[in-house]
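Have a look at the structure below, then the notes.
Note that the coordinates shown come from a computational prediction; the quantities given were computed from them, not determined experimentally. For this chain, numbers begin at 1 and follow the sequence in order.
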Amino acid sequence: MTADHERSDSLRTFGAVYQGFRESRGFTQEALAPEIRYSSDYIGSVEQGRMLPSKTFIDRSEDVLDALGVLRKAAKRLSKRPGLASWFQAWASLEEKAVTLHTYECRLIPGLLQTEAYARTLFDHQLPPLDDDQMEAQWAARAERQRLLRERPNTAYSFILEEQLFLRRTGGVDVTRGQIDHILGLAEQRNIELQVMPLVQEEHAGLHGPMRLLETPEHQWYAYNETQRGALFLSDPNEISVLQMRYARMRSQALTPKDSLSLLRQMRGAL
C-alpha cells in the first residue's frame, strides 16, 4: 500500500468504528451534531473516511458517546500502527478493553493463539513478500496483542477452530506440535474456552466464513469479518444478532472443550 492509501484505509476504518459507537448510543448524525458542536456534515465526512477528525472533535465525541477511550486511541493511530494492517487497528483497540471475545476461524490459527514459529511461517510465505523489518514489526505487534490473554483474566475468550487447521501442518511437524502444545497450555486458563469443529460435521452454522464478536465493558457488541485485503466492521444490532445466533449454534455443533483437548492430544501424539 502507498502511504496515501494506508491513511485513506485507516480513516475509513476509524469512521466505521465512530459510526458504531454513535449508533449504539442511539444518536443520528443530526441528533449528535449539537451535542458535540460539530455539523452533521462534518460527522458524515468523518464516518465516510473523507476527513481527518480534529482533536476537539474526538474529545467531545468521547465524552458524549462514552466511547471508553477507544476513539482517542484509534485516532492516535490513524496513520499506521506498526505491524498491524490498517483495517485491523480499530478492532485491536476495542480488543484491548473487551470483556468478551468470540472467535471462529477456518483458515488459520488466530493471531492471539499463534506461536512465534507458526506466525513466522505465515510471514515467510506472505505475498507480496515481506522484508525483515516488516516481519519483525508484525511479530512484535502480534506478541503484544497476546499479552491480553494473560493480563485480562476477567475477559472471557471463546475460540472455535476447525480440525483441518491442525491437519494442514502449517510450517511442518515440529511447528504443528509446538502450536498444539501452546494451545493446550492456554486452554488451562479459566477464562479461555477452546472448541474444535470436527472435520466431519454434517450440520455447520459457520459455512459463511470466519467471524469475531466482541463485547465492551458497557455491554455493546461489535463484529469483525476479515477478507484477504480488508475487513468489515459491524455495529448494527440486527447484523450482530445473526452472527451471535450462528456462533451459538457452532458452539453446540463443535466438540465440547474436554473432547476438543482430548482430540488435540491425540493429534499431537500422531505427529
Before you tell me yes or no, could you show the steps for Glu218 and Leu68 under side-chain contact (heavy atoms from CB on, under 4.5 Å), namely the whole-Å CA-CA distance, both residues' side-chain angles and the distance that decides it to 0.1 Å? CA-CA 8 Å; Glu218 299 299 319; Leu68 314 172; 3.4 Å; yes
At their closest point, which heavy atom of [X] faces which heavy atom of [Y], and how far apart are they?
{"X": "Phe27", "Y": "Arg22", "value": "O-NH1, 2.9 Å"}
{"X": "Leu264", "Y": "Ile180", "value": "O-CG2, 3.7 Å"}
{"X": "Pro53", "Y": "Val46", "value": "CB-CG2, 4.1 Å"}
{"X": "Ala98", "Y": "Leu214", "value": "CB-CG, 3.6 Å"}
{"X": "Glu96", "Y": "Leu148", "value": "CA-CD2, 3.9 Å"}
{"X": "Thr155", "Y": "Thr100", "value": "CG2-N, 4.1 Å"}

Is the shortest heavy-atom distance from the side chain of [X] to the side chain of [Y] under 4.5 Å?
{"X": "His182", "Y": "Gln114", "result": "no"}
{"X": "Leu32", "Y": "Val64", "result": "yes"}
{"X": "Leu165", "Y": "Val196", "result": "no"}

For the side chain of [X] and the backbone of [Y], is there at least one donor-acceptor N/O pair under 3.5 Å apart?
{"X": "Gln19", "Y": "Glu47", "result": "no"}
{"X": "Gln195", "Y": "Ser158", "result": "no"}
{"X": "His219", "Y": "Glu215", "result": "no"}
{"X": "Gln189", "Y": "Arg150", "result": "no"}

Would you call Glu35-Arg25 a salt bridge at under 4.0 Å N-O?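 Salt bridge absent between Glu35 and Arg25.
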Does one hydrophobic cluster hold both [X] and [Y], with members joined at side-chain heavy-atom distances below 4.5 Å?
{"X": "Val70", "Y": "Ile43", "result": "yes"}
{"X": "Leu186", "Y": "Met197", "result": "no"}
{"X": "Val17", "Y": "Ile240", "result": "no"}
{"X": "Trp91", "Y": "Leu232", "result": "no"}
{"X": "Met250", "Y": "Leu234", "result": "yes"}

Arg120 and Glu136: salt bridge (Lys or Arg N to Asp or Glu O under 4.0 Å), yes or no, with the steps? CA-CA 9 Å; Arg120 289 189 180 277; Glu136 292 305 319; 3.1 Å; yes
Hey, are [Y] and [X] close enough side-chain-wise for a donor-acceptor pair under 3.5 Å?
{"X": "Gln29", "Y": "Ser40", "answer": "no"}
{"X": "Gln134", "Y": "Gln126", "answer": "no"}
{"X": "Tyr18", "Y": "Ser61", "answer": "yes"}

side-chain contact (heavy atoms from CB on, under 4.5 Å) assessment of Ile183 paired with Leu161: CA-CA 11 Å; Ile183 288 177; Leu161 308 181; 4.2 Å; yes
Are Phe233 and Tyr224 near enough that their ring centres are under 6.0 Å apart? no
Are Tyr104 and Tyr247, when compared by the centres of their aromatic rings, separated by less than 6.0 Å?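 No, they do not, as the ring centres are separated by 6.0 Å or more.
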Can you tell me how far the CG atom of Asp59 sits from the CG atom of Leu71, to the nearest 0.5 Å?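 Output value for this atom pair is 10.0 Å.
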Enter the distance from Gln201:CD to Glu203:CD here, rounded to the nearest 0.5 Å. 7.0 Å
Pairs touching residues 242-262 that satisfy salt bridge (charged side-chain N to carboxylate O under 4.0 Å, His left out), sequence neighbours left out: Glu193-Arg251
Tell me the salt bridge (charged side-chain N to carboxylate O under 4.0 Å, His left out) pairs involving residues 156-174, sequence neighbours left out?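 Applying salt bridge (charged side-chain N to carboxylate O under 4.0 Å, His left out) to every pair that reaches into residues 156-174, excluding sequence neighbours, yields Asp174-Arg177.
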Output every pair passing side chain to side chain donor-acceptor pair (under 3.5 Å) with a member in residues 233-245, not counting sequence neighbours, ordered by first then second residue.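 Found Glu23-Ser235.
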Aromatic plane relationship, Tyr157 with Phe159 - under 30° parallel, 30 to 60° tilted, over 60° perpendicular: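 Taking Tyr157 first and then Phe159, their aromatic rings lie parallel (interplane angle under 30°).
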